[in-house]
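Structure first, commentary second.
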Amino acid sequence: MTKRKATVFRPTAFSFPYLAVTLIFVIVPLILVLVYAFRGEDGGFTFDNFRQVFTEPETLRQLGQTVGIAALSTLICLLIAYPVAYILASNPFNKMAILALLFVIPMWINFMLRIFALQSLLSMIGIGKSYTAAVIGMVYDFFPYMLLPIYTVLANMDKSYVEASRDLGATPVQTFFKVTLPLSIPGVVSGISMMFMPIFSSYAITKMMGDMNTTVIGAKIASLFENQNYGSYGYGSAISFVLLVLVLVVMLIGNAIVRRTEKAPKGGKA
Amino acid sequence: MNKTSSRLYLVIRWVILLLVLVAIYLPLLMIIIYSFSSAQSVGDEFGNFTFRLYAKLFENTKMLSALKNTLIIGLVSAAFATILGTTAAVGIHYMRKKVKSVVDTASQITVVNAEIVTAMGFFLLMIFLRDSVEIPVNFSLWWLIITHTVITTPYVILTVAPRLQQLNPNLLEASMDLGAGPMRSLFTVMLPQLAGAMVSGFALAFTLSLDDFVVTNINSFGANIDTISTYVYSGIRKKGVPVEIRALSTIIFVVVLAALIIYNVVKNKRAKEQAKKA
């Protein structure tokens, strides 16, 4: 270091502390998950944990229910957020800067307090702990995260495409489905990915708003670690590993969709 | 479109927006209103207007300590994340393309991964360090600060990196050619240019930390540390949250709202001044 002082220091070295932290606190834990997932109670290599994941009816039911809740809540949220984003990006609402802000402010408020507030209101109007309440909770919690990417895409969209479509004789409905909607797909994909997978971990919402039978898989994993009982770590890690694979699959699908829409001629295919 | 139908269209759009706004804010509004009532739960008979819950809040040591923990973890981890994320962004900025894409991918792991998996990864790491490596560590406030730093740093990088790309690429080199050491170059040349992005990064890291539940919940098993999130969660699941949570919520809503309004007013003002200059 001292000999060639002038040339030895590279600015890339500024990232070394971060790289060390990432290695210890991100990479090593993932390796540990892998190790525990494939380790039996005797310490040897085994597939038993995975066998248990795919044969235990309770876990399978919870996985299935998680996918169901995630799909349903994401769909409902999208069906509400898209029109709102579309309206906010349209004239004259796009000139009211503070209006769009009002819709995303809840993002900055602690989500547990928001869920508490929502739960109070729902039980006031007679909706107790139930599957429905849990789905409402998901939609309420993730709404700003769904809205923001869609709104950003729609607000920054080049309006001349829409004008061209209208000039060429397309009706407003045709213009929406053949121009606006295809162009906004990246925002929609980003909104869905901000919601779909995170719901798998949102056991706070199902525990607080759902009934006994309503749950997401995150609750199962949490309960396996809660007791600091070594015996259940392998099983918990195996479920986590399955989630890891799922995250990758969902991401690849999302990327593929975005790439396809970007490749398609601007304005989308019929 | 003729005049009446376009007016009707405008009215419909207003109605949709207002309906959604009501759905978003009604729960918060009810909490605020009922923070001035001693009713057991929202929707009960209101009774007299009172500040009793606010008085009770300052006597509830458990709730106050949860608030204190939340703020300590948030502020300290956001400070760490800002330092770590900014230096990382500078370093990554000067990496060769191939190395850069690897590091970028690695930094995205905790962002895209299911939070529960990240949380139990931290948990397993602690067990590993404590029981296998036999380092005298355990679940504690410091552990929560570290885990929050790790999950929020990528967001600081994402905030600072775009600003770096706008800077003159030769800035750091010029400074070092002129004889400043790497540290001095970083502090006197790079950081002043990045100050704005660093503030945004800090704010983002802070809010993400305040909002976190899953990582905190799993990594405080047995540590007996509560943040606002875990406190409310266990309260609702067990015998119910003390009523003074409504007072605390109201204070938090008002503070967040005020901070956001001030931030946006300042931002708009600056944008206008810049527009004037240009």
Side-chain angles (χ1 to χ4, degrees), chain A residues 9-19 21-22 25-26 28-30 32-33 36 80 83-84 87 90 93 98 101-103 105-106 108-114 116-121 123-124 143 197-198 200-201 204 207-208 218 221-222 225-226 228 233 236-237 240 243-244 247 251, chain B residues 13 16-17 20-21 24 26-28 30-31 41-43 84 87-88 90-92 94-95 103 106-107 109-110 112-117 120-125 128 146 150 153 172 182 186 207 210-211 213-214 217-218 221-222 228-229 232-233 236-237 241 245 249 252-253 256-257 260 264:
Chain A
F9 183 85
R10 287 170 166 277
T12 47
F14 283 127
S15 66
F16 290 171
Y18 171 70
L19 295 182
V21 166
T22 304
F25 292 96
V26 179
V28 171
L30 284 181
L32 287 173
V33 170
Y36 272 101
I80 301 173
V84 171
I87 295 171
S90 70
F93 302 97
I98 207 83
L101 183 73
L102 278 178
F103 284 85
I105 279 180
W108 284 280
I109 295 172
N110 183 296
F111 95 97
M112 199 65 74
L113 293 178
R114 281 193 289 135
F116 167 69
L118 180 67
Q119 194 221 18
S120 305
L121 184 80
S123 60
M124 179 182 137
F143 181 74
M197 278 319 288
F200 283 59
S201 312
K207 283 254 164 99
M208 283 163 62
I221 301 178
F225 287 89
E226 209 158 8
Q228 297 218 26
Y233 292 175
S237 300
S240 297
L243 284 195
L244 261 173
V247 167
M251 246 178 65
Chain B
R13 287 184 295 167
I16 293 174
L17 289 188
V20 174
L21 274 182
I24 292 174
L26 194 59
L28 309 182
M30 290 309 287
I31 294 289
S41 50
V42 171
L84 207 57
T87 49
V90 173
I92 292 170
Y94 289 100
M95 280 174 181
V103 175
S107 75
I109 292 176
T110 53
V112 298
N113 203 352
E115 205 188 348
I116 181 76
V117 179
M120 53 144 291
F122 288 138
F123 180 89
L124 287 178
L125 178 66
F128 175 71
I146 292 172
V150 175
T153 304
L172 187 65
L186 181 70
T207 24
L210 295 192
D211 217 30
F213 167 73
V214 177
N217 181 229
I218 298 224
F221 289 158
I228 296 291
S229 298
V232 174
Y233 174 72
I236 291 188
R237 287 190 60 203
V241 212
I245 193 68
S249 302
I252 291 176
F253 297 161
V256 170
L257 208 65
L260 283 173
N264 276 283

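- Residue A13(A): no heavy atom, backbone or side chain, is found under 4.5 Å from chain B.
- The parts of L124(B) that come within reach of chain A are both its backbone and its side chain, each placing non-hydrogen atoms under 4.5 angstrom from that chain.
- For L172(B), the part lying near chain A is the side chain, with the backbone staying farther off; criterion is any non-hydrogen pair under 4.5 Å.
- Using a 4.5 Å cut-off on side-chain heavy atoms (C-beta onward), L243(A) and I221(A) make contact.
- Both the backbone and the side chain of S237(A) come within contact range of chain B, judged by heavy atoms closer than 4.5 Å.
- Residue with the most contacts toward chain B among Q119(A), M251(A), M208(A), M197(A): M208(A) (heavy-atom pairs, distance under 4.5 Å).
- Between atom CG of residue L102(A) and atom CG of residue L17(B) there is a gap of 10.5 Å, rounded to the nearest 0.5 Å.
- Using a 4.5 Å cut-off between heavy atoms, V256(B) touches chain A through its side chain atoms alone.
- Between chain B and the options P83(A), S123(A), S90(A), the largest number of non-hydrogen pairs under 4.5 Å is found for S90(A).
- A 4.5 Å side-chain heavy-atom check between S120(A) and M30(B) finds every atom pair outside the cut-off.
- The greatest number of non-hydrogen atom pairs below 4.5 Å with chain A, out of L21(B), I252(B), L257(B), is found for L21(B).
- Side-chain contact between S229(B) and N110(A) is present, with heavy atoms from C-beta onward closer than 4.5 Å.
- For a residue to count as touching a neighbouring chain, one of its non-hydrogen atoms must lie under 4.5 Å from one of that chain's; by this rule I109(B) touches chain A with the side chain only.
- When each of V112(B), L26(B), D211(B), V42(B) is scored by its heavy-atom pairs under 4.5 Å with chain A, the top score falls to D211(B).
- In this structure, the side chains of S201(A) and F213(B) stay at 4.5 Å or more apart for every pair of heavy atoms.
- Closest heavy-atom contact between G236(A) and M120(B): O-SD, 4.0 Å.
- Contact of the S15(A) side chain with the T87(B) side chain is not registered, since no non-hydrogen atoms from C-beta on lie closer than 4.5 Å.
- A distance-only check finds no donor-acceptor pair linking the side chain of E115(B) to the backbone of P198(A) [under 3.5 Å].
- Atom CG of N264(B) sits about 5.0 Å away from atom CG of L101(A), to the nearest 0.5 Å.
- Contact of M95(B) with chain A is made through backbone and side chain together, with heavy-atom distances under 4.5 Å.
- Both the backbone and the side chain of S249(B) have a heavy atom closer than 4.5 Å to some heavy atom of chain A.
- The residue among T110(B), I24(B), I31(B), T207(B) with the most heavy atom pairs within less than 4.5 Å of chain A is I24(B).
- Contact tally against chain A (heavy-atom pairs below 4.5 Å) for V232(B), L260(B), V214(B): the top residue is L260(B).
- Between V26(A) and V21(A) there is no side-chain heavy-atom pair separated by less than 4.5 Å.
- For chain B, the option among V247(A), L32(A), L244(A), I98(A) with the highest count of heavy-atom pairs below 4.5 Å is L32(A).
- Using a 4.5 Å heavy-atom cutoff, the side chains of V241(B) and F116(A) are in contact.
- Checked against a 6.0 Å centroid threshold, the rings of F123(B) and Y233(A) count as neighbours.
- Of the atoms belonging to F128(B), it is side-chain heavy atoms, and not backbone ones, that fall under 4.5 Å from chain A.
- Side-chain contact between F111(A) and P106(A): absent, with no pair of heavy atoms (C-beta onward) separated by less than 4.5 Å.
- The contact between V33(A) and chain B is made by backbone and side chain atoms together, counting heavy-atom distances below 4.5 Å.
- If you measure heavy-atom distances from N113(B) to chain A, the contacts under 4.5 Å come from both the backbone and the side chain.
- With a 4.5 angstrom heavy-atom cutoff, F16(A) does not touch chain B via any of its atoms.
- For a residue to count as touching a neighbouring chain, one of its non-hydrogen atoms must lie under 4.5 Å from one of that chain's; by this rule V103(B) touches chain A with the side chain only.
- If you measure heavy-atom distances from L118(A) to chain B, the contacts under 4.5 Å come from both the backbone and the side chain.
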